[in-house]
Enquirer: 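One structure follows; several queries about it will come next.
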Amino acid sequence: ILNTINPDILKLNLDLGYLKQPEKVKVLGVFKAPTTIENARIGFMVRTENGIRAKLGAKGIAFNHLPCETYGQTNCTSVGGLPDSAVETLIKIKAACGCDLQINGGTEWWLHSENTAHRPGRGVVDLAPTDSLNDFLLGKGTTPLNGTSINKNGANFKFEIKGANGVSTGDHWHVTL
C-alpha cells in the first residue's frame, strides 16, 4: 500500500553526514584511506566528544582548538573517547593545582606519531606548558627541559619540545592518565 502511495517512503536513506569520512587523506605525510577500525574510532570519538568536552570545560579546562569531525582533519583537538578515569584525573589535577589547564592534543590519533597512545579508549592528552602548570609540577619559576618526567596526582607528565618526536608542533606536557 505504501509503495502505491509513494514508493520513496520505503527507501531507507539515513544521512549521517557528520560521520562521513574522506576516501583518502594525508596522515603523517602519506595518503591513505581510513580502515574500518579507524572509521569506528572516529565514530566513537565524535559521538562522545560533546559530553566529555562539556564536563572538562565546566571544571575550567580549556582546549586550543574545536573538536575534529573527520579522519585526517588538522587544526583540531578532540577528547571524545577519553576513558572516564582519565577525565576524572584531569579534573582532580585541575582542582589540586588551581592552574591553567589547556588540552592541546587528545584522541585525534592521526595527528600524532605512528603507533601513538593518543586514541579513543586511551587516557593520554597533551597539555599546554602554562606557567601555572609548570610551577605546580616543578616548583615556582622552573622551566622544564625536554624529557623531564614527573609522576603527580595519578598521572605521568613528560615534557616534549617542538619536533621532539617528529610530529610535535609545539612544546607540551604529554600526560598519561
Enquirer: Counting distance only, does the side-chain N/O of E49 pair as donor-acceptor with the main-chain N or O of V79 below 3.5 Å?
Expert: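 Yes: the side chain of E49 pairs with the backbone of V79.
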Enquirer: Is the backbone N or O of H172 less than 3.5 Å from a side-chain atom of D126, with the two atoms forming a donor-acceptor pair by type?
Expert: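 Between the backbone of H172 and the side chain of D126 there is no qualifying donor-acceptor contact (under 3.5 Å).
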Enquirer: Please answer whether the main-chain N or O of Q73 pairs with a side-chain N or O of W110 as donor and acceptor at a distance below 3.5 Å.
Expert: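 A pair under 3.5 Å: yes.
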Enquirer: Does T48 reach the main-chain N or O of G81 with its side chain, forming a donor-acceptor pair under 3.5 Å?
Expert: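 Here the side-chain-to-backbone pair exists.
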Enquirer: I'd like to know if the side chain of H118 and the backbone of T116 have a donor-acceptor N/O pair within less than 3.5 Å.
Expert: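 Absent.
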Enquirer: Indicate the atoms forming the closest heavy-atom contact of F159 with P129, along with that distance.
Expert: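 Here F159 and P129 meet closest at CE1-CB, 3.6 Å.
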Enquirer: For I61, run the side-chain contact (heavy atoms from CB on, under 4.5 Å) check against V125, L90, I93, V87 and tell me which one passes.
Expert: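 In the set V125, L90, I93, V87, the residue that makes a side-chain contact (heavy atoms from CB on, under 4.5 Å) with I61 is L90.
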Enquirer: Would you say L111 and C76 make side-chain contact, with heavy atoms under 4.5 Å?
Expert: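 Contact flag for L111/C76 side chains = yes.
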Enquirer: Scan E38, E108, R41 and name whichever one has a side-chain hydrogen bond (donor to acceptor under 3.5 Å, both in side chains) with Y71.
Expert: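 The single option meeting the side-chain hydrogen bond (donor to acceptor under 3.5 Å, both in side chains) with Y71 is E38.
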Enquirer: If I compare all heavy atoms of Q102 with all of N64, which pair ends up nearest, and what's the gap?
Expert: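 Smallest interatomic distance, heavy atoms only, reads NE2-CB, 3.3 Å.
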Enquirer: Keeping the roles fixed (side chain from K94, backbone from C99), state whether a donor-acceptor pair exists under 3.5 Å.
Expert: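 Looks like yes, one N/O pair under 3.5 Å.
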Enquirer: Apply the side-chain contact (heavy atoms from CB on, under 4.5 Å) test between W173 and each candidate in N104, T130, L133, N156; give the one that qualifies.
Expert: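 So the option named by the test is L133.
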Enquirer: Within the 4.5 Å heavy-atom criterion, are K92 and N153 side-chain neighbours or not?
Expert: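 In short, these two side chains do not touch, never coming nearer than 4.5 Å.
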Enquirer: Could you tell me whether the side chain of W109 reaches within less than 4.5 Å of the side chain of I42, counting heavy atoms only?
Expert: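 Yes, at least one pair of side-chain atoms sits under 4.5 Å.
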Enquirer: By the definition side-chain contact (heavy atoms from CB on, under 4.5 Å), identify the one residue from L137, D100, L101 that meets it with L127.
Expert: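 In the set L137, D100, L101, the residue that makes a side-chain contact (heavy atoms from CB on, under 4.5 Å) with L127 is L101.
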Enquirer: Does this structure show an ion pair linking K162 with D171, if we count only N-O contacts that are shorter than 4.0 Å?
Expert: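 No, no charged N to carboxylate O under 4.0 Å.
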Enquirer: Taking the six-membered ring of F157, is NZ or CZ of K152 closer than 6.0 Å to its centre and within 45° of its axis?
Expert: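 No cation-pi geometry.
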Enquirer: Is T148 close to L138 at the side-chain level, that is, under 4.5 Å between some pair of heavy atoms?
Expert: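 When only atoms from C-beta onward are counted, T148 and L138 do touch, with a gap below 4.5 Å.
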Enquirer: Less than 4.0 Å between a side-chain N and a carboxylate O, is that true for E88 and K55?
Expert: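 Salt bridge: yes.
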Enquirer: Is the backbone N or O of S78 less than 3.5 Å from a side-chain atom of T107, with the two atoms forming a donor-acceptor pair by type?
Expert: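 Yes.
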Enquirer: Check whether any side-chain heavy atom of M45 sits under 4.5 Å from a side-chain heavy atom of C68, and report yes or no.
Expert: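 Of all side-chain heavy-atom pairs linking C68 with M45, at least one is under 4.5 Å.
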